[in-house]
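Structure record follows, encoded as structure tokens.
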Amino acid sequence: MWLALDTATDRASIAVGMPGRVLARETIVGARHHAAGLLPALARCLARSEVGREEIEGVALADGPGSFTGLRVSAAVVKGLVRVRPVPLWTAPSLLVCAAAAAGPGAVLAVSNALRGELFAGAWTFHPGRIETVLAPTVITPGDLAARVPSPARIVGPAAPALGAEPTWPDAGDLLGLVGLAGGVRWVDDVPRWEPEYGRPAEAQAQWERTHGRPLADPARPAG
């Protein structure tokens, strides 16, 4: 059995199951509820699926880009779980998880809000057994995006209304479906050193750097 989580947007999602079969899922609405709600939601998923923690053989995590705080919450939970019970950790972009739900002929463009008038955007085409990247997740303006992915077959994601489409959110059940597909999930070989793909600095960091006119020191980066 696998555990899958996504907390990159204001709707967190947790699922328990295996590729092609979701036994239980939970959704947490509201980014400010992720920290308090994630572990209880995870416990409810395990209880409803009747899967014990000792039966989890792998964890799949949607690792951004997206909300800095939301991604930190799921990263901390997953690192703790993997430390207590060593199982493989696999990750995939949250935008790819959105796109997977709309897989079909042609490219699927997924977008979420990057603030400051920009979007997080990625595009993929889905083939039997494999996924082809058209546009790797990036920060981009809507105008520049039209030039990079001129005519997608479908537009999905929380920021889809900015491009004239209906909004959708990543679902951990769709993340489970990416396990085993070429171009889907990626194995994390060094979990303690791994960090989510935030896409850009946190807004608080950006504000500090604008105020002080210099980059904020990174304690993980050697001096000099």
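Just so it is clear, the values below take in all heavy atoms, side chains as well, and ignore hydrogens, waters and symmetry mates. Because the structure is predicted, anything quoted here is derived from the model rather than measured.
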Find out if a path of hydrophobic residues (ILVMFWY) with successive side-chain heavy-atom gaps under 4.5 Å connects [X] to [Y].
{"X": "Leu178", "Y": "Ile56", "answer": "no"}
{"X": "Ile155", "Y": "Trp169", "answer": "no"}
{"X": "Leu175", "Y": "Val73", "answer": "no"}

With a 6.0 Å cut-off (strictly less than), is the heavy-atom count around CZ of Arg53, excluding the residue itself, greater than 12?
no
For Arg48, I'd like to know if atom CZ has over 12 heavy atoms of other residues, nucleotides or ligands within 6.0 Å.
yes
Looking at CE of Met18 and CE of Met1, how far apart are the two atoms once the value is rounded to the nearest 0.5 Å?
3.0 Å
Less than 4.5 Å apart, side chain to side chain, heavy atoms only: is that true for [X] and [Y]?
{"X": "Thr125", "Y": "Val108", "value": "no"}
{"X": "Thr91", "Y": "Trp194", "value": "yes"}
{"X": "Arg186", "Y": "Asp63", "value": "yes"}
{"X": "Leu42", "Y": "Leu81", "value": "yes"}
{"X": "Pro158", "Y": "Asp10", "value": "no"}
{"X": "Leu71", "Y": "Glu195", "value": "no"}

Would you please test Thr7 and Leu38 for side-chain contact (heavy atoms from CB on, under 4.5 Å) and show each step?
CA-CA 9 Å; Thr7 60; Leu38 189 59; 4.1 Å; yes
Run the side-chain contact (heavy atoms from CB on, under 4.5 Å) test on Leu135 and Leu145 for me, step by step, so that the C-alpha distance in whole Å, both residues' side-chain angles and the decisive distance to 0.1 Å come before the verdict.
CA-CA 10 Å; Leu135 175 67; Leu145 179 58; 3.8 Å; yes
